[in-house]
Each structure stands twice: as structure tokens, then as C-alpha cells.
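Everything numeric in this text was worked out from a predicted model, so none of it was measured. Numbering starts at 1 and runs along the sequence shown.
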Amino acid sequence: MNNRYKIAIVIVTFLVSFSCRLQAQTGNSRGPAYDPVQSLKEAFRDDFLIGTALNMSQVEERDPVVSALISKQFSTFTPENNMKGALIQPGWDRYNFEQADEMVRFAAKYNMKINAHCLIWHSQLPSFMAGMQDADSVRHYFTDHITTVASRYDGKVYSWDVVNEALNEDGTMRKSIFERYLGDDYIVEAFRLAQKAAPHTQLYYNDYNIEHEKKREGVVALVKKIQAAGVRIDGVGIQGHWTAGHVPFQDIEKSILEFSALGVKVMFTELDLSVLPSPRNHNTADVGDKADYAETLNPYVKGLPDSVQNVLADSYAQLFRLFMKYRDKIGRVTFWGVDDGQSWLNGFPVRGRTNYPLLFDRQLKPKPAFYKVIETAM
Ligand code: XIL
């Protein structure tokens, strides 16, 4: 080999290794970008479980890098959609357990707990419920669904969100097919049936905005009603769909204290902090509440400015400092998704936006918020 060749080889080798390093730093390639030494579940091991929401492509392990991230970072997960009514009972008295069983398999493989979500909810119901107008049919669905599904997964899942989002913002009962045909006591009945079918499973009530005073009072009354009926409820899940820079810390603190005073565990079950402007009058995680697209509502299509990245990191850090203060009362903190690309907030309440609400970016690289959260555990 003459000298000119040798020099050319040295230059090419240098350029290739330099560009690989650059890619890793900017997070443009998946492999090298995801290599955090730290682990959320390890950092908070003595404090509370750390969870995420998972979908089928993650559980079917189409990308081994994703599986590695999930198993290293999280001790528990909630199926984002696959254990909801519409998916698990697609036809009248016809159940499809395939996807839920996959979730159980994944959890066993990686030694993770499952929070199953959810038995009774007004949304994502089977389509056959849409035109249903008689109490007997509603009662049949209600009883059969809870009993069949909860008993099948008893001992396989750690907990169930037995009832999801049953209250209005003022703490009164939300109008739903269950409330209409079964009456206000349907919630107590749901827990009674779940307790019978799943004696080894933790049973929770889950909702959004319940840190706000009126809705919080509604939850306190509800838990007391369930307990007074001699029925078991083990915890309350505060969803935690908030906005970076506007997290209601005082209300959250009051809620932790008031709920735990009832003798139940407090969970943060669907945590994400939106960084996008909220459409007018919109401060809810009500899945039925959509808003129209406008470019002004989608300002960070090309990337998140450092200033906003820092607001996000600070909000997360303050939140986890609060969680740590009450770690004896908190059972679990679950993020609603693994990385920003997965987040439902790219499509809700406005379709087609680019949001950045989680701790891992679209290349699975930990964001500044990840490191700030880990620091709060030390
Ligand atoms: C959301 C999922 O993330 C979306 O994929 C789906 O299209 C709609 O539901 N409160 C809940 C969750 O309890 O089940 C919702 O999940 C988000 C709001």
C-alpha cells in the first residue's frame, strides 16, 4: 500500500467515527442515542413503582432497543388501550383476550407489574353498546364484563382501574350509559363485582382533574360511599395530564393528603406535561373534547427551544420533589407513554401537533427532564 492510500484510509476512518459520534450527540440515530446509565425504576426503587403506558408494537417487541429501554426504566406498565372494553369484548358476549394475554406475557418476561386499564368507562366501549336502550342489557354487559375479565386476570395483573372518569368537574356524577340505566350506585356495584372476581388484585378509582377542589370532594365522597358499603377500594389514581409551567402543585399536595387520609394509596397514573398552547377554554383530559387545528397551536414542529425544555424539566423536578415528600403515601407514578413520539398529546385535543410531554425524546434519548427527575431521588 502506498502512502497516499494509507493517508486516505486514515482520513476516511476519522470521518466515519466523527460522524457516528455527532449522530449520537444529536440523537439522530436510535442505537447510540439511547444509553443512559441511570434508571428511573432503580432510582425510585425504595419509594414507589415507576410505570409507563404500552401499546401492542412495544409489547410485540418489534424493536429490541425499545424493549431494552422499557425493561431498564420501568417496573410497571398500563396497557394504553388493549384492555379497554371495545378491545377485550368486541362483540356481544364475544371476548378477545389475545392482546391482553400478550401484555401479560411481556410483563412476566421482564418482571413488570401490570395496572390493568380499565373495566368500566364511558369511552372506548364496544360498538354494540352504542344504541343500547334497556337496563337489562346494560346490566348484563356490566356484570358479565367485570366478572369475566377481572377473574381471568386475577393473579396475573397487579391492579385494575375498576372505574375510570365517572365524575364531572363539579364532583357530581357524569351522565353515562351506566349512570343512566343502573343509577348512581353503579360505581359501588362495579367494585363489589371486581372484589368478588379478583380477590388478589388491587382495585382503584381513576380520573383526571381530581386534584381540583370540587372534583376532589366528589372523589372523597365516592371512596367513603364504597367503604361504607363494606366494599374494597385500595387506591385512587390521579391521571396527571398537566401543562409544563402550570402544574397545580398545591392542589396535588392537598389531594395526596386527603385521599391517603381515607386509608387508600394514591397513584399518579397517566403523567404527561404538555408544552403546547391550550385551545381556548380547554383544561381537561376528556377524550371527547376535541379542538380545531391552527398553526399557532403547534409552534414547535422543528424542535423544542431550550427555554421550554428547561420549563418542562423544572416542572417535572418540582413534581417529583413533591412525590418524594409523600413517598409513604404514593404507590406508583406512571408516565402516559415511553417517548414523545408515542404520546397521545400529539393528537389530543388537537390533531396533528408535535408535543414533547415525556422524559424520552422521539429518538428515545433521555431529555434534561429525565436527569432532573433522577436527581430528586438522591
Ligand atoms: C387514550 C390513549 O392514550 C389513546 O391512544 C386513545 O386513542 C384514547 O385514550 N384518560 C384515560 C386514558 O384514562 O385511557 C386515555 O388514553 C387518556 C385519557
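- Between Asp340 and Lys367, at least one side-chain nitrogen of the basic residue sits less than 4.0 Å from a carboxylate oxygen of the acidic one, meeting the salt-bridge criterion.
- Judged by a 6.0 Å distance limit and a 45° cone about the ring axis, Arg362 is positioned over the six-membered ring of Tyr356.
- For His140, the ring-ring contact (aromatic ring centres under 6.0 Å, His included) partners at least two apart in sequence or on another chain are Trp92.
- The six-membered or imidazole ring of Phe44 lies near that of Phe320, with a centre-to-centre distance under 6.0 Å.
- Of the N and O atoms on the side chains of Thr147 and Asp144, not one donor lies less than 3.5 Å from an acceptor on the other residue.
- Side-chain polar atoms of Gln202 and Trp160 form no donor-acceptor pair below 3.5 angstrom.
- Taking the centre and axis of the six-membered ring of Tyr293, the NZ or CZ atom of Arg351 falls outside the cone set by 45° and 6.0 Å.
- The closest donor-acceptor contact from the side chain of Thr376 to the backbone of Val373 lies under 3.5 Å.
- Contact detail for Lys72 and Ser39: the closest heavy-atom pair is O-OG, 2.7 Å.
- Because its NZ or CZ atom is both nearer than 6.0 Å to the ring centre of Tyr208 and within 45° of the ring axis, Lys215 counts as a cation-pi partner of that residue.
- Between Asp234 and Val264 there is no side-chain heavy-atom pair separated by less than 4.5 Å.
- Annotation for Asp292: atom CG does not count as buried by contact number, only 12 or fewer foreign heavy atoms lying within 6.0 Å.
- Residues Gln342 and Gln58 bring a donor and an acceptor atom of their side chains to less than 3.5 Å of each other.
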Check your understanding: Stepwise, does the side chain to side chain contact (heavy atoms under 4.5 Å, CB included) test hold for Glu258 with Glu217?
Key -> CA-CA 9 Å; Glu258 285 185 30; Glu217 283 169 7; 5.5 Å; no

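- For the residue pair His200 and Asp154, a side-chain donor N or O sits within less than 3.5 Å of a side-chain acceptor on the partner.
- A 6.0 Å sphere centred on CD of Glu98 holds no more than 12 heavy atoms belonging to other residues, nucleotides or ligands.
- Of the candidates Val163, Thr269, Asn206, Asn164, Cys118 forms a side chain to side chain contact (heavy atoms under 4.5 Å, CB included) with just one, namely Asn164.
- Minimum heavy-atom separation, Ala244 to Val275: CB-CG1, 4.2 Å.
- When only modelled atom types and interatomic distance are considered, Ser343 and Asn355 share no side-chain donor-acceptor pair under 3.5 Å.
- A perpendicular orientation is assigned to the rings of His241 and Trp336, their planes being inclined by more than 60° (bins at 30° and 60°).
- A donor and an acceptor atom, one from each side chain of Gln124 and Asn81, are located under 3.5 Å apart.
- The shortest non-hydrogen separation linking Asp184 to Lys225 is O-NZ, 4.0 Å.
- Side-chain N/O atoms of Arg332 and Thr334 include a donor and acceptor closer than 3.5 Å.
- For the residue pair Tyr153/Asp101, the side-chain donor-acceptor check at 3.5 Å is satisfied.
- The backbone N or O of Gly91 sits nowhere less than 3.5 Å from a side-chain atom of Asn96 that would complete a donor-acceptor pair.
- Although no hydrogens or angles enter the test, the distance criterion places a donor-acceptor pair under 3.5 Å between the side chain of Arg353 and the main chain of Leu297.
- By the criterion of side-chain heavy atoms lying less than 4.5 angstrom apart, applied directly or through intervening Ile, Leu, Val, Met, Phe, Trp or Tyr residues, Val219 is not grouped with Met267; the two fall into different hydrophobic clusters.
- Partners of Lys113 by side chain to side chain contact (heavy atoms under 4.5 Å, CB included), not counting sequence neighbours, listed by chain and number: Leu49, Thr76, Tyr158.
- Nearest heavy-atom pair across Leu345 and Ser274 is CD1-CB, 4.1 Å.
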Check your understanding: Please walk me through it: do Asp328 and Lys265 pass salt bridge (charged side-chain N to carboxylate O under 4.0 Å, His left out)?
Key -> CA-CA 9 Å; Asp328 59 320; Lys265 275 276 175 202; over 6 Å; no

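- Taking every heavy atom of both residues into account, Tyr316 and Leu358 meet most closely at OH-CA, 4.0 Å.
- Of all heavy-atom pairs spanning Ser255 and Ile238, the tightest one is CB-CD1, 4.0 Å.
- Residues Gln250 and Glu211 have side chains that never bring a donor and an acceptor to within less than 3.5 angstrom of each other.
- Using a distance-only test at 3.5 Å, with no hydrogens or angles considered, no donor-acceptor pair links the side chain of Gln239 to the main chain of Glu270.
- Relative ring orientation between Phe360 and Phe370 is described as tilted, the plane-to-plane angle lying within the 30° to 60° band.
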Exercise for review: Quick one: do Asp161 and Asn115 satisfy side-chain hydrogen bond (donor to acceptor under 3.5 Å, both in side chains)? Show the steps, please.
Suggested key: CA-CA 7 Å; Asp161 292 333; Asn115 175 62; 3.2 Å; yes

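- Panel note: side chain Lys329, backbone Lys325; no donor-acceptor pair is recorded below 3.5 Å.
- Side-chain contact of Glu61 with Tyr110: a donor-acceptor pair under 3.5 Å is present, judged by distance alone.
- The 12-atom threshold is exceeded at CZ of Arg105, counting heavy atoms of other residues, nucleotides or ligands nearer than 6.0 Å.
- Between the side chain of Gln73 and the backbone N or O of Gln38 there is at least one donor-acceptor pair closer than 3.5 Å.
- Side-chain N/O atoms of Asn298 and Tyr300 include no donor and acceptor closer than 3.5 Å.
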